[in-house]
**Q** 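A single structure is presented below for examination.
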Amino acid sequence: MKISVRRGDIADYPARAIIVTLFEGMAPSGATAAVDQALGGAISQLIEEGEARGKANELTLLHTLGRIPPSRVLVLGLGKPQECDLDRLRNTIAVAARHLRSHGVDSVATVAHGAGARGLDPEACAQAVAEGAFLGLYTFQRHKKREEDEREIHELILVEREAAKLRAVRRGGERGRILAEATNWARDLANEPANYLTPTDMAERARAVAAERGLECQVLERKEMEKLGMGALLGVAQGSHQPPKFIILHYRGGKEHAAALGLVGKGITFDTGGISIKPAPGMADMKSDMAGGAAVIAAMSAIAQLKPKINVTALVPATENMPGGGAQKPGDVVRALNGKSIEVVNTDAEGRLILADALSYARRLGLSPVADVATLTGAIVVALGRAAMGAMTNSEPLLDRLREASAAAGEKLWQLPLFEEYKEHIKSEVADIKNVGNREAGSITGALFLQEFIEDTPWVHLDIAGVDQVEKEKGALVKGSSGVPVRTLVNLALSLARKPLST
Ligand code: BES
Ligand code: ZN
Ligand code: ZN
């Protein structure tokens, strides 16, 4: 889909459809009032008759029959004005865009809703509208025959009446497109079946993005990992015929010697559990166990386009977790890059093993602060359900920044504590640490394990196991991988570029 910004009146724009909005309990205003007037009060009449009430996600489609240039007007309810924030806008626009697509509409014009009656920042509103449309219209159909009557919206036009706001709308629309397309790129990767996305494929896709966006890309092979001493990652990889890859991307927008923000993502392209094998029901979902890795690569792609003044490095350890003849066994002891020995009590707790080496490597590169993203534990789904990712940190100021970044993206997070008491669970009798505790506080013990490898570098761990998979479309989310937290990570980079974390 293309996005463009035009100056003019929405009621005059000759798109197949335009979207105007209505608040609950309020008369039409701004663009909606203008369209209503041009249609001889058609919208007011729908309101009077009780058909259009402005409830959130309410859709009322009008055919204009030649009275104005656009042939359809979709009246979209935004709910109560005081409840309508950027997140509501993003999600309702997504619903409207899908509705128009299902009606065979191929071009849609709209305005930066919210900037008028709600008085929100026009740039932020334009961004939310663009994000909502691009995210909500996402589909993954690479492996399906195209249906004869398949429908697609090719063009989104943001129409702005005031010359003074035009630049802001253009900037916001562009930023929204970049962020949403990066998110959709991450969704593509996580939705891809594991036979189409091996660690080698993942490294190739990362290389292609890097080449397209001007990022530096380096991929460490097994030999180099052996030389470095990444025993934890290699232990996981040894059960698979697919060679592991350690993907590194650099974005250099800051001062030459300034420490880079580190983004580290779990890249398990399929998680069978290894010898501690998972039950068959639901195992297919484990093709998305690289969603954290996909998110950090996608974030790098957006960062490269938005060009904040900061250095950022992404690290993605990528491997399968398979129960092959060479697989590691419960009870094995491996040694991570930082020299710590790990008792592998359960081979299904493999994410923390590969991240142990990646976080040690982040320290070796001097990255700071560091955010890691991983579909790490089923326990986070028990704790927080599907509404929010879990966040665990050794640096409250860093988490504060991330909280703002996630709120702006509409990707919720919630903190879990890293109290000393929980460390008992991962003490080993045969090694420096073991990779699982008992069943208690599973997400927290996972994070405490990771902390042993990032040590005192300011760090936050995001457990996305609950938010990665979407069962049913809802607002900007569609069935499949959510692409969370790509936009949060990009917002974090932008925030740290504006103001570094004070130490
Ligand atoms: N990839 C899984 C976590 C997961 C579970 C992601 C559900 C998405 C949905 C991870 O590698 C895993 O298997 N974790 C184990 C850890 C346990 C053995 C301590 C888990 O959560 O059961
Ligand atoms: Zn696992
Ligand atoms: Zn896993």
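Computed from a prediction, not measured in an experiment: that's the story for all the values here. Every number for a ligand or one of its atoms is a count from 1 in the order of the listing.
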**Q** Using heavy atoms and a threshold below 4.0 Å, how should the contact between Met290 and ligand 1 be classified: side chain, backbone, both, or neither?
**A**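 Looking at Met290 and ligand 1, no heavy atom falls under 4.0 Å.
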**Q** Is it the case that Arg335 and Ser341 place a side-chain donor and acceptor less than 3.5 Å from each other?
**A** no
**Q** So which protein heavy atom does atom 20 (C) of ligand 1 come closest to, and at what separation?
**A** Gly378 N, 3.8 Å
**Q** Would you mind checking which non-hydrogen protein atom is closest to atom 18 (C) of ligand 1, with the distance to 0.1 Å?
**A**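 So the nearest neighbour among protein heavy atoms is Asn346 ND2, 3.4 Å.
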**Q** I need the contact type for Asp348 against ligand 1. Using non-hydrogen atoms and a strict under-4.0 Å cut-off, is it side chain, backbone, both or neither?
**A**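 Within the 4.0 Å criterion, Asp348 contacts ligand 1 through backbone and side-chain atoms alike.
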**Q** Any idea which protein heavy atom is nearest atom 7 (C) of ligand 1, and the distance to it?
**A**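 Going atom by atom, the protein heavy atom closest to atom 7 (C) of ligand 1 ends up being Met286 CE, 3.8 Å.
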**Q** Would you indicate whether Gln141, at its atom CD, is surrounded by more than 12 heavy atoms from other residues, nucleotides or ligands within a distance under 6.0 Å?
**A** yes
**Q** Does the N or O separation between Thr377 and ligand 1 drop below 3.5 Å for any pair?
**A** no
**Q** Under 4.0 Å from atom 22 (O) of ligand 1, do we find at least one protein heavy atom?
**A**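 There is no protein heavy atom less than 4.0 Å from atom 22 (O) of ligand 1.
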**Q** Below a 4.0 angstrom heavy-atom separation, can you tell me which part of Leu376, side chain or backbone, both or neither, approaches ligand 1?
**A**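 Within the 4.0 Å criterion, Leu376 contacts ligand 1 through backbone atoms alone.
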**Q** For atom 17 (C) of ligand 1, tell me which residue out of Val436, Asn438, Asn321 has the closest non-hydrogen atom.
**A** Val436
**Q** Charged N to carboxylate O below 4.0 Å: is that the case for Arg207 and Glu204?
**A** yes
**Q** Please identify which atoms of ligand 1 are closer than 4.0 Å to at least one heavy atom of Lys278.
**A** 2 (C), 12 (C), 13 (O)
**Q** For the NE2 atom on His143, are there more than 12 heavy atoms of other groups (residues, nucleotides or ligands in this structure) within a distance under 6.0 Å?
**A** yes
**Q** May I ask you to identify the nearest protein heavy atom to atom 16 (C) of ligand 1, giving residue, atom name and distance to one decimal place in Å?
**A** Arg352 NH2, 3.9 Å
**Q** Out of all atoms in ligand 1, which are within 4.0 Å of some heavy atom of Ala465? Include the element for each.
**A** 6 (C), 8 (C)
**Q** Given Asn394 and Leu418, is the side chain to side chain contact (heavy atoms under 4.5 Å, CB included) satisfied, shown in steps?
**A** CA-CA 8 Å; Asn394 60 6; Leu418 294 183; 5.5 Å; no
**Q** With a 4.0 Å cut-off on N to O distance, would you call Lys287 and Glu192 a salt bridge?
**A**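 Here Lys287 does not pair with Glu192 in a salt bridge, since their nearest N and O are not under 4.0 Å apart.
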**Q** Decide side-chain hydrogen bond (donor to acceptor under 3.5 Å, both in side chains) for Ser276 and Asn346; before the verdict, give the C-alpha distance in whole Å, the side-chain angles of both, and the deciding distance to 0.1 Å.
**A** CA-CA 6 Å; Ser276 314; Asn346 187 321; 3.3 Å; yes
**Q** Mind telling me whether Phe449 and Phe453 have parallel, tilted or perpendicular rings, with 30° and 60° as the class edges?
**A**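 Answer is tilted, since the angle falls between 30° and 60°.
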**Q** May I ask you to check if any N/O/S atom from Asp271 comes under 2.8 Å of the Zn ion (ligand 3)?
**A**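 Within the cut-off used here (under 2.8 Å), Asp271 does place an N, O or S atom near the Zn ion (ligand 3).
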**Q** When you measure from the Zn ion (ligand 3) to the N, O or S atoms of Lys266, does any of those distances fall below 2.8 Å?
**A**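 Here the distance criterion (N, O or S atom, under 2.8 Å) is met by Lys266, so yes.
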**Q** Give me the residue, atom name and distance of the protein heavy atom closest to atom 2 (C) of ligand 1.
**A**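 Closest protein heavy atom to atom 2 (C) of ligand 1: Asp271 OD2, 3.6 Å.
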**Q** Can you give me the OE2-the Zn ion (ligand 3)-OD2 angle for Glu350 and Asp289, to 10°?
**A**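 Seen from the Zn ion (ligand 3), OE2 and OD2 are separated by roughly 100°.
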**Q** Using the side-chain hydrogen bond (donor to acceptor under 3.5 Å, both in side chains) rule, take Gln415 and Arg403 through it: C-alpha gap first, then chi angles, then the decisive distance, then the call.
**A** CA-CA 9 Å; Gln415 184 178 14; Arg403 247 190 220 106; 3.1 Å; yes
**Q** At a 4.0 Å cut-off, with the gap strictly under it, does some heavy atom of Gln469 reach an atom of ligand 1?
**A** no
**Q** Using a strict threshold of under 4.0 Å (side-chain N to carboxylate O), is an ion pair present between Lys427 and Glu424?
**A** yes
**Q** Only heavy atoms of Lys266, strictly under 4.0 Å: list the atoms of ligand 1 that pass.
**A** 1 (N), 10 (C), 11 (O)
**Q** Identify, by atom number and element, the atoms of ligand 1 in contact range of Glu350, meaning under 4.0 Å from any of its heavy atoms.
**A**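 So the answer, numbered in order with elements, is 11 (O).
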**Q** Looking at Asp188, Asn191, Asp468, Asp285, which one forms a side chain to side chain donor-acceptor pair (under 3.5 Å) with Ser481?
**A**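 Output: one option passes, namely Asp468.
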**Q** Would you call Arg252 and Glu216 a salt bridge, taking side-chain N to carboxylate O under 4.0 Å as the test?
**A**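 Salt bridge present between Arg252 and Glu216.
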